[in-house]
Amino acid sequence: MTNDQMTTLDHAERADVFNRDEERVDWHDQTLWFIRQKRDRAANTLPEWEALREAASQIKHNVLGNLDEYLVEFEANAQRNGITVHWAADAAEHNKIVHQILVEQGVTQMVKSKSMLTEECHLNEFLGENGIEVIDTDLGERVVQLAGEPPSHIVMPCIHKKKEEIGEIFHYHMGTEAGLSDPQILTGLARADLRERFLTRRVALTGVNFAVAETGEFVVCTNEGNADMGAHLADVHIACMGMEKIIPKREHLGVFLRLLARSATGQPSTTYTSHFKKPRTGQTMHLVIVDNGRTVQLGRPDFRNSLKCIRCAACMNTCPVYRRSGGHSYHNAISGPIGSILAPNLDMKKYADLPFASTLCGSCSNVCPVKIDIHQQLYKWRQVLVKEGYVTSAKAASMQAMNTVLSNRRFFEVAGGVGRTMMKWFPGIVSNSMNPWYKHREMPTPPEQSFRDWYAENRK
């Protein structure tokens, strides 16, 4: 299926495409569950794990309640440190600011480490259209960039690719030997290719994991050291951050750093945790602080807690829907459960399908290191989208029918009895291709009586 055809599909349709390769789906599911299990083992090594989660949640709660003051404090301290601070109201302004810096430097090439904000803003595409070559230096990001795809996961961008496919991508784009699939060899080839880029590019862009209001510094966490290579070798360092990345004091970093890697990959910490406070002698440092809908989300009481997110992807690794539908099925830079509550804030019509891509099992909320009530927000988004008319007429009608049945005791009892009878004597009514559930699972045998009837008979 072509990219143009894929752009018109919603989550369910994209997931159906992903599920055609059953072997890949099973492998994807098992790999992510393995990472979820690593997260559990890492969390269980810390008796204070739940206290850390609560502390992180409360720190972020404080930040969201005083975001304007912390941002002003951070800007003043960053400028005092010699960092040039820019403000962007939306993705377009962010992209123009980055482009203008590059134009002023007279460069047409740039290296970039992982930044989900720039994916959100579609920076690579914008710069490419304006004659700027961007090389992603995170290995996973580089793979999907060469493949012409967006990341499918915010921590492991090419988790959907097998090593044999990566070998084919390198052979096609980098001229490496055909048929390679050894991860160590492929990593070495990528390292050799990227080394020349690091040494010759005058501008490097990084993301920001945390920005400390008290000191004006920002922290970047990576496992590959590519952010450090780019930033330390370049004459100009551009860092881009969403405005919610602020934390009040440096002492708070310890709380988040102990949670981040354990939640993301099951590691005690990321391999590199780099603090950037001021440019080195002869270097210029720019920091772009981006809103892009965040203040709107901040003003939504039911959804503002989503801005606590530290982009660990624990919710993706545990989500049964994400694991078996793939990240690209979410057609948004941030996929999975957290993406499904962030995306509708940007465009309700475009992303109206995403809050329904969930079982509402609550596993995402259980593993979230900052205790975002993710599954509750998904449920609340469903209510908003139905009320605002952003769902199909069929879904709206079914929701209204369910509301009528579930809000009336007599209707509920009658409907339950009719449903059991029809499933017993006419199973084809529900066991057919028109029922999406039946495509992937057998319908259960209807019980002889409802729990309500059983309870009424046996309550004594």
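Here, residue 1 is the first one in the sequence, and each next residue gets the next number.
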Rounded at 0.5 Å granularity, tell me how far [atom1] in [X] sits from [atom2] in [Y].
X      : Y      : atom1 : atom2 : answer
Leu342 : Ile374 : CG    : CD1   : 9.0 Å
Glu120 : Leu117 : CD    : CG    : 5.5 Å
His252 : Ile59  : NE2   : CD1   : 4.5 Å
Arg142 : Ile135 : CZ    : CD1   : 4.0 Å
Lys350 : Asn332 : NZ    : CG    : 7.5 Å
Ser263 : Arg258 : OG    : CZ    : 12.0 Å

Next item on the list: Using the side chain to side chain contact (heavy atoms under 4.5 Å, CB included) rule, take Trp49 and Leu259 through it: C-alpha gap first, then chi angles, then the decisive distance, then the call.
Entry: CA-CA 8 Å; Trp49 179 257; Leu259 289 165; 3.6 Å; yes

Next item on the list: State which residues pass side-chain contact (heavy atoms from CB on, under 4.5 Å) with Ser335; sequence neighbours excluded, sorted by chain then number.
Entry: Met316, Tyr322, Tyr330

Next item on the list: Could you check whether the rings of Phe126 and His99 sit parallel, tilted or perpendicular, using 30° and 60° as the cut-offs?
Entry: perpendicular

Next item on the list: Could you check whether the rings of Phe18 and His28 sit parallel, tilted or perpendicular, using 30° and 60° as the cut-offs?
Entry: perpendicular

Next item on the list: Can you spot which of Leu127, Leu123, Ile101, Val134 makes a side chain to side chain contact (heavy atoms under 4.5 Å, CB included) with Leu205?
Entry: Leu123

Next item on the list: Using the side chain to side chain contact (heavy atoms under 4.5 Å, CB included) rule, pick out the option among Leu71, Asp68, Asn292, Leu307 that qualifies with Met243.
Entry: Leu71

Notebook entry, point to check: Hey, mind stepping through Glu149 and Lys161 against salt bridge (Lys or Arg N to Asp or Glu O under 4.0 Å) and telling me if it holds?
Noted result: CA-CA 11 Å; Glu149 300 175 359; Lys161 293 288 187 188; 3.0 Å; yes

Item checked: Derivation of the salt bridge (Lys or Arg N to Asp or Glu O under 4.0 Å) call for Glu217 and Lys278 -> CA-CA 7 Å; Glu217 69 188 292; Lys278 60 182 179 180; over 6 Å; no

Using modelled atom types only, decide if a donor and an acceptor are shared between the side chain of [X] and the backbone of [Y] within a distance under 3.5 Å.
X      : Y      : value
Asp29  : Arg323 : no
Gln283 : Ala231 : yes
Ser340 : Gly336 : yes
Gln100 : Ile97  : no
Ser329 : Gly326 : yes
Arg197 : Thr137 : no
Asn345 : Gly293 : yes
Thr318 : Cys364 : no
Lys38  : Thr265 : yes
His375 : Ser363 : no

Just by distance, no angles: are the side chains of [X] and [Y] close enough, under 3.5 Å, to form a donor-acceptor pair?
X      : Y      : value
Gln297 : Ser306 : yes
Thr295 : Asp291 : yes
Asp302 : Gln377 : no
Arg41  : Asn44  : no
His153 : Asn317 : yes
Asp353 : His331 : yes
Glu54  : Gln58  : yes
Ser152 : His160 : yes
Asn124 : Asp136 : yes
Trp87  : Glu75  : yes

If you compare all heavy atoms of [X] against all heavy atoms of [Y], which two are closest, and at what distance to 0.1 Å?
X      : Y      : value
Asn81  : Lys277 : CB-O, 3.1 Å
Met348 : Trp381 : CE-CZ3, 3.9 Å
Ser358 : Leu360 : OG-N, 2.9 Å
Pro248 : Asn62  : CG-OD1, 4.0 Å
Cys361 : Pro320 : SG-CD, 4.2 Å
Val155 : Cys312 : CG2-O, 3.3 Å

Check: When the ring centroid of Phe210 is compared with that of Phe256, is the distance short of 6.0 Å?
Finding: yes

Notebook entry, point to check: Does the gap between the ring centers of His286 and His237 come in under 6.0 Å?
Noted result: no

Next item on the list: List the steps, then state whether salt bridge (Lys or Arg N to Asp or Glu O under 4.0 Å) holds for Arg24 with Asp21.
Entry: CA-CA 5 Å; Arg24 184 186 303 274; Asp21 187 343; 3.3 Å; yes

Verify the neighbour count for atom [atom1] of [X]: are there more than 12 heavy atoms of other residues, nucleotides or ligands below 6.0 Å?
X      : atom1 : answer
Arg195 : CZ    : no
Glu48  : CD    : yes
Met402 : CE    : no
Lys96  : NZ    : no

Next item on the list: Show the numbers, then the answer: is there a side chain to side chain contact (heavy atoms under 4.5 Å, CB included) between Asp138 and Glu224?
Entry: CA-CA 7 Å; Asp138 174 271; Glu224 299 174 22; 3.4 Å; yes

Checklist line | For Arg311, side chain to side chain donor-acceptor pair (under 3.5 Å) partners two or more places apart | finding: none

Next item on the list: Validate the cation-pi geometry between Lys380 and Phe303: distance from NZ or CZ to the six-membered ring centre under 6.0 Å, angle to the ring axis within 45°.
Entry: no

Checklist line | Side chain proximity check, Gln79 to Thr84, heavy atoms < 4.5 angstrom | finding: no

Margin query: Side chains of Asp26 and Arg324, heavy atoms from C-beta outward: is any pair under 4.5 Å?
Written below: yes

Item checked: Chi angles and distances behind the side chain to side chain contact (heavy atoms under 4.5 Å, CB included) call for Ile310, Val370 -> CA-CA 8 Å; Ile310 60 174; Val370 289; 4.2 Å; yes

Notebook entry, point to check: Between Arg36 and Asp40, is a salt bridge (Lys or Arg N to Asp or Glu O under 4.0 Å) present by the stated rule, with each step listed?
Noted result: CA-CA 6 Å; Arg36 158 67 204 269; Asp40 291 349; 2.9 Å; yes

